[in-house]
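Everything below concerns the one structure shown next.
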Amino acid sequence: MRAFLCAALLILISTQAAFAITSPRERLDDPVLAARAEIIAKDIRCVVCQNQSIADSDSEIALGLRTLIAVQLKEGKSNDEIITYIHDRYGDFILMKPPVKPATWALWFGPALIFLLGLFAASRMMKRKPSAKTTGGHA
């Protein structure tokens with residue numbers, strides 16, 4: 001029974017990408033357009049999930065954005081035009097790799113700064129000399 005459950009779980013995990021496309025409107029019969037749609041979808045962040053691209057998300061907004069991408073690809077738009085269209089409506093946060101500019105410095109450099117501040121604090125604590133407290137018994 002355990003082997004069956006493990007096998008079923010592995011099958012579900014390995015086919016997760018197949019379930020990402022949930023709407024007939026977002027399906028593209030042309031394999032070239034489908035590949036382009038996948039590339040674009042991996043560059044767009046799901047605003048609901050936030051740590052997933054819309055290619056990996058099952059949220060309604062991800063479905064809507066994937067459908068929008070498919071429609072625009074069928075209309076002959078380039079990848080850059082589609083990404084620009086989405087970016088103009090949602091801002092820098094929608095991009096999995098936002099541009100480096102003053103408004104996004106915290107996204108790019110914040111984690112490194114916090115890490116460096118932590119290292120600095122840890123080194124200061126380790127360099128601190130032990131206090132000269134008496135251990136009791138002496139007057």
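Within the structure, salt bridge (Lys or Arg N to Asp or Glu O under 4.0 Å) contacts touching residues 98-120 (residues at least two apart or in different chains) are D92-K101. Among pairs with a residue in residues 109-124, none fulfils salt bridge (Lys or Arg N to Asp or Glu O under 4.0 Å), at least two apart in sequence or across chains.
The shortest heavy-atom contact between I61 and C46 is CG2-SG, 4.2 Å. Heavy atoms only, all atoms of each residue included: Q52 and M96 are closest at O-SD, 4.1 Å.
For the side-chain contact (heavy atoms from CB on, under 4.5 Å) with Y85, the qualifying choice from L68, D80, I69 is L68, the only one to do so.
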What pairs of donor and acceptor atoms, side-chain ones from residues 110-120 against any protein atom, are under 3.5 angstrom apart with sequence neighbours left out?
none

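Annotation: the span from D30 atom CG to L73 atom CG amounts to 9.5 Å, rounded to 0.5 Å. The CD1 atom of I40 lies 12.5 Å from the NZ atom of K42; values are rounded to the nearest 0.5 Å. Atoms CD1 and CD1, from I44 and I82 in turn, are 9.5 Å apart once rounded to the nearest 0.5 Å. Atom-to-atom distance recorded for L28:CG and E38:CD is 10.5 Å, nearest 0.5 angstrom.
A donor-acceptor pair under 3.5 Å links the side-chain atoms of R66 to the main chain of I54, judged by distance alone.
The neighbour count for D29 CG, taken as heavy atoms of other residues, nucleotides or ligands under 6.0 Å away, does not exceed 12.
Cluster partners of I39, using a side-chain heavy-atom cutoff of under 4.5 Å among ILVMFWY residues and allowing indirect links: none. Summarising the hydrophobic clusters (Ile, Leu, Val, Met, Phe, Trp, Tyr; side-chain heavy atoms under 4.5 Å, direct or chained), the residues clustered with F109 are V100, W105, W108.
In this structure, the side-chain hydrogen bond (donor to acceptor under 3.5 Å, both in side chains) partners of S59, at least two apart in sequence or on a different chain, are S57. Judged as a side-chain hydrogen bond (donor to acceptor under 3.5 Å, both in side chains), and not counting sequence neighbours, R45 has no contacts. Looking at residues two or more places apart in sequence or on another chain, you find a salt bridge (charged side-chain N to carboxylate O under 4.0 Å, His left out) between E75 and K77.
Residues K74 and V71 form no side-chain contact, since every pair of their non-hydrogen atoms from C-beta on lies 4.5 Å or further apart. At least one side-chain heavy atom of L65 sits less than 4.5 Å from a side-chain heavy atom of I94.
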Worked verdict on T84 versus H87 for side-chain contact (heavy atoms from CB on, under 4.5 Å): CA-CA 5 Å; T84 300; H87 176 254; 5.5 Å; no
